[in-house]
Amino acid sequence: MALSPILVQKYNRPVPRYTSYPTVPLWEEELSSSGWENLVRKAFKMTGSKEGLTLYIHLPFCESLCTYCGCTKRITKNHDVEDPYLEAVIREWSHYLGLFEDLPKIAGIHLGGGTPTFFSAQNLNFLISKILKSAEVLPYHEFSFEGHPNNTTFGHLQELARLGFNRVSYGIQDFDLTVQKAIHRIQPFEKVREATENARKLGYTSVNFDLIYGLPHQTLETLKETFHRVYELKPDRIAFYSYAHLPSAFPAQKSFEAFLPNEREKRALYDAGKKMLIEMGYEEVGMDHFALPDDPLCKAKRSGNLHRNFMGYTTSPSEMLIGLGSSSISDIGLGFAQNEKNSSSYEQILKENRLPIIKGHIQTEEDKVTRKLIMDLICQGRANVPFSIWGKLPLENMQSLFEMEEEGLVRIDEGTISVTSEGMAVVRNICMLFDMRMIASKAQKATFSKSI
């Protein structure tokens, strides 16, 4: 059942996406490089040496600017930037190797960006081979990368498949040409078909499409046509994201501001898209994510083993995520750290044999309790709320929860919060009511994207 227009208007407010807790704007930032290194050593002893590590590698370069994009990127057509950047990433990985007591086990690798396929297939082979030679790959590993359909060649897919990559995610966004022109992301359907079929020919077990609703010039008719084209290729997973309009942070978004759907129209796009996905045989995994019933994400949700981190929903049991590359974020359970965002500065810091950490956060015991609560809500749709949290909730937050119960968005039963199917549309709003850091700081919510 779709949310009523009244509830859409009520809950369409800036709220965090909760890929971490605390969210990055609320980190205490009292973590030095040496303090981070000590946390990494401790986390490796506690969990990393047994469960293995997941690596996120940020490759920031793009040849052209997609005007909707809010990622950290560097626009250039000069491919001479590839070699020095990869050398810096390898230096960073070598620094981490010096912190581990034993040979690390790799449970997962994800190449994100930017555009990872900006790099040549040979250079990606060079990078991943260097990393794998210094580690043990676990049998149940998941290696994935983000590809632009226009420049993901058969060679890219083949080289990465030889290295153990088995998942690929293509940024589609929308197939309508008018929308594509507005967001400067023109990619013909045949290029997407070719990239998808090449992945399947080479044995990739999962193909994901990223789609966005709320883009300029989108209508119910154009969205329906996009989904018809998607169904022709039937990817294993689909991420159906809300467009985040933040022109103060990303000025290029101003170029199409006059052509964006209003809030009511945008919500109608999501409701129609979700309905079509369900009719196409996909299951809702969680916030923005859908997958075919036999996909590991769906199985993990049914078994209660679904996780969420900076890369989105995952089945990886590894608690230790190490981020390599400019702007990347590490999450090791005990704390977080983010790298220098500027790629040139990132490279210079690594030449000085220092980790390029610019901000971080050490988890308190309350942080750990709150994080579990929020992640349970987002991943399982249900959470036990400890008394230590109930006792600190402001009266206005309690009142909001009771209102949500009356509206059919949550059920409250003896300290347990359950999110209804309608409530999943505003699960970020529900989580925010338990965000102890936000409650304590009275944070300005306008720094986050809107929830609907």
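- Here the side chains of Phe209 and Leu233 are in contact, with some heavy-atom distance below 4.5 Å.
- Within a 6.0 Å sphere centred on NZ of Lys368, heavy atoms belonging to other residues, nucleotides or ligands number more than 12.
- Judged purely by atom type and a 3.5 angstrom limit, Tyr346 uses its side chain to pair as donor or acceptor with the backbone of Gly325.
- Taking the ring centroids of His79 and Phe118, they lie under the 6.0 Å cut-off.
- Remark: aromatic rings of Phe227 and Phe240 are close, center separation under 6.0 Å.
- Looking at heavy atoms from C-beta onward, Pro22 lies in side-chain contact with Trp27 at the 4.5 angstrom threshold.
- Inter-residue side-chain proximity for His228 and Phe175 is flagged as unmet; no heavy-atom pair is nearer than 4.5 Å.
- Considering only heavy atoms from C-beta on, Glu194 comes within 4.5 Å of Asn198 through its side chain.
- The aromatic ring centroids of Phe61 and Phe119 lie less than 6.0 Å from each other.
- Residue Lys301 holds its NZ atom at 15.0 Å from OG1 of Thr315, rounded to the nearest 0.5 Å.
- Under a 4.0 Å N-O distance rule, the pair Glu190/Arg193 qualifies as a salt bridge.
- Although no hydrogens or angles enter the test, the distance criterion places a donor-acceptor pair under 3.5 Å between the side chain of Gln253 and the main chain of Leu246.
- Aromatic ring pairs are classed by plane angle as parallel below 30°, tilted from 30° to 60° and perpendicular above 60°; the pair Tyr313 and His289 is perpendicular.
- Under the 3.5 Å distance criterion, the side-chain polar atoms of Glu265 are matched with a main-chain donor or acceptor of Asn262.
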Requested in this report: Using the side chain to side chain contact (heavy atoms under 4.5 Å, CB included) rule, take Phe143 and Leu160 through it: C-alpha gap first, then chi angles, then the decisive distance, then the call.
Outcome: CA-CA 9 Å; Phe143 291 179; Leu160 291 171; over 6 Å; no
Query - Glu63 and Asn151: CA distance, side-chain angles, deciding distance, side chain to side chain contact (heavy atoms under 4.5 Å, CB included) verdict - result: CA-CA 10 Å; Glu63 286 197 346; Asn151 64 18; 5.8 Å; no
Query raised in the report: After noting the C-alpha distance and the side-chain angles of Glu28 and Arg437, does the key distance pass the salt bridge (charged side-chain N to carboxylate O under 4.0 Å, His left out) rule?
Result: CA-CA 10 Å; Glu28 290 181 336; Arg437 288 276 175 181; 2.8 Å; yes
Requested in this report: Kindly indicate, with the supporting measurements, whether the criterion salt bridge (charged side-chain N to carboxylate O under 4.0 Å, His left out) is fulfilled by Glu159 and Arg162.
Outcome: CA-CA 5 Å; Glu159 288 292 332; Arg162 287 172 179 164; 3.2 Å; yes
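- Considering every non-hydrogen atom in both Gly171 and Arg185, the closest pair reads O-NH2, 2.8 Å.
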Report task. Please report the C-alpha distance between Trp93 and Ile57 in whole Å, then the side-chain angles of each, then the deciding distance to 0.1 Å, and finally whether the side chain to side chain contact (heavy atoms under 4.5 Å, CB included) criterion is met. Result -> CA-CA 10 Å; Trp93 173 240; Ile57 306 174; over 6 Å; no
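- The line from CD1 of Ile374 to SG of Cys379 is 11.5 Å long, rounded to the nearest 0.5 Å.
- Between Asn339 and His58 there is no side-chain heavy-atom pair separated by less than 4.5 Å.
- Not a single donor-acceptor pair under 3.5 Å links the side chain of Glu283 to the backbone N or O of Val285.
- For the pair Asp210 and Glu146, the minimum side-chain heavy-atom distance is 4.5 Å or more.
- The closest side-chain heavy-atom distance from Glu221 to Glu225 is not below 4.5 Å.
- Side chain of Lys266 to backbone of Tyr243: a donor-acceptor contact under 3.5 angstrom is found.
- Judged by distance alone, the side chain of Gln158 and the main-chain N or O of Leu202 form no donor-acceptor pair under 3.5 Å.
- Nearest approach of Gly323 to Glu92, heavy atoms of both residues: O-OE2, 3.5 Å.
- At a cut-off of 3.5 Å, with distance as the only test, a side-chain donor of Asp174 or Thr226 sits close to an acceptor on the other residue.
- A pairwise comparison of heavy atoms in Val427 and Met287 identifies CG1-SD, 4.0 Å as the closest pair.
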Report task. Tell me, with the steps shown, if Lys254 and Glu257 meet salt bridge (charged side-chain N to carboxylate O under 4.0 Å, His left out). Result -> CA-CA 5 Å; Lys254 295 177 183 177; Glu257 204 165 40; over 6 Å; no
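- In this structure, CG in Leu306 is found 10.5 Å from CD1 in Ile378, a value given to the nearest 0.5 Å.
- For the pair Gln218 (side chain) and Ile212 (backbone), a donor-acceptor distance under 3.5 Å is present.
- Smallest separation of non-hydrogen atoms from Gly214 and Leu269: N-CD1, 3.8 Å.
- A salt bridge (charged side-chain N to carboxylate O under 4.0 Å, His left out) with Asp271 is found for exactly one of Lys274, Lys275, Arg267, namely Arg267.
- Put simply, the side chain of Ile186 reaches to within 4.5 Å of the side chain of Leu177, judged on heavy atoms.
- Under the 3.5 Å distance criterion, the side-chain polar atoms of Thr117 are left unmatched by any main-chain donor or acceptor of Gly147.
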Query raised in the report: Going through the checks in order, is the side-chain hydrogen bond (donor to acceptor under 3.5 Å, both in side chains) test met by Asp367 and His361?
Result: CA-CA 10 Å; Asp367 287 339; His361 179 82; 2.9 Å; yes
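- Test Phe310, Tyr96, Phe336 against Ser330 for side chain to side chain contact (heavy atoms under 4.5 Å, CB included) and you get one pass: Tyr96.
- In this structure, Arg200 places its CZ atom where more than 12 heavy-atom neighbours from other residues, nucleotides or ligands lie under 6.0 Å away.
- Across every non-hydrogen atom of Cys431 and Leu377, the tightest pair is SG-CB, 4.0 Å.
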**Report entry** side-chain hydrogen bond (donor to acceptor under 3.5 Å, both in side chains) between Tyr18 and Asp435, intermediate numbers included
**Finding:** CA-CA 10 Å; Tyr18 290 112; Asp435 189 328; 2.7 Å; yes
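- Of all heavy-atom pairs spanning Ile430 and Gly423, the tightest one is CD1-O, 3.8 Å.
- Between Ile332 atom CD1 and Ile362 atom CD1 the span is 9.5 Å, to the nearest 0.5 Å.
- Using a distance-only test at 3.5 Å, with no hydrogens or angles considered, no donor-acceptor pair links the side chain of Tyr68 to the main chain of Pro216.
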Query raised in the report: Run the side chain to side chain contact (heavy atoms under 4.5 Å, CB included) check on Ser120 and Glu82 step by step: do they pass?
Result: CA-CA 8 Å; Ser120 70; Glu82 293 186 36; 3.9 Å; yes
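- Counting non-hydrogen atoms of neighbouring residues, nucleotides and ligands closer than 6.0 angstrom, the NZ atom of Lys359 exceeds 12 such neighbours.
- Note that CG of Asn397 and CD1 of Ile439 are 4.5 Å apart. Values are rounded to the nearest 0.5 Å.
- Inspection of the His110 and Glu142 side chains reveals no N or O donor paired with an N or O acceptor under 3.5 Å.
- Checking side-chain atoms of His217 against main-chain N and O of Ala182 turns up no donor-acceptor pair under 3.5 Å.
- More than 12 non-hydrogen atoms from other residues, nucleotides or ligands lie less than 6.0 angstrom from NZ of Lys10.
- Surrounding NE2 of His95 are more than 12 heavy atoms belonging to other residues, nucleotides or ligands, all under 6.0 Å away.
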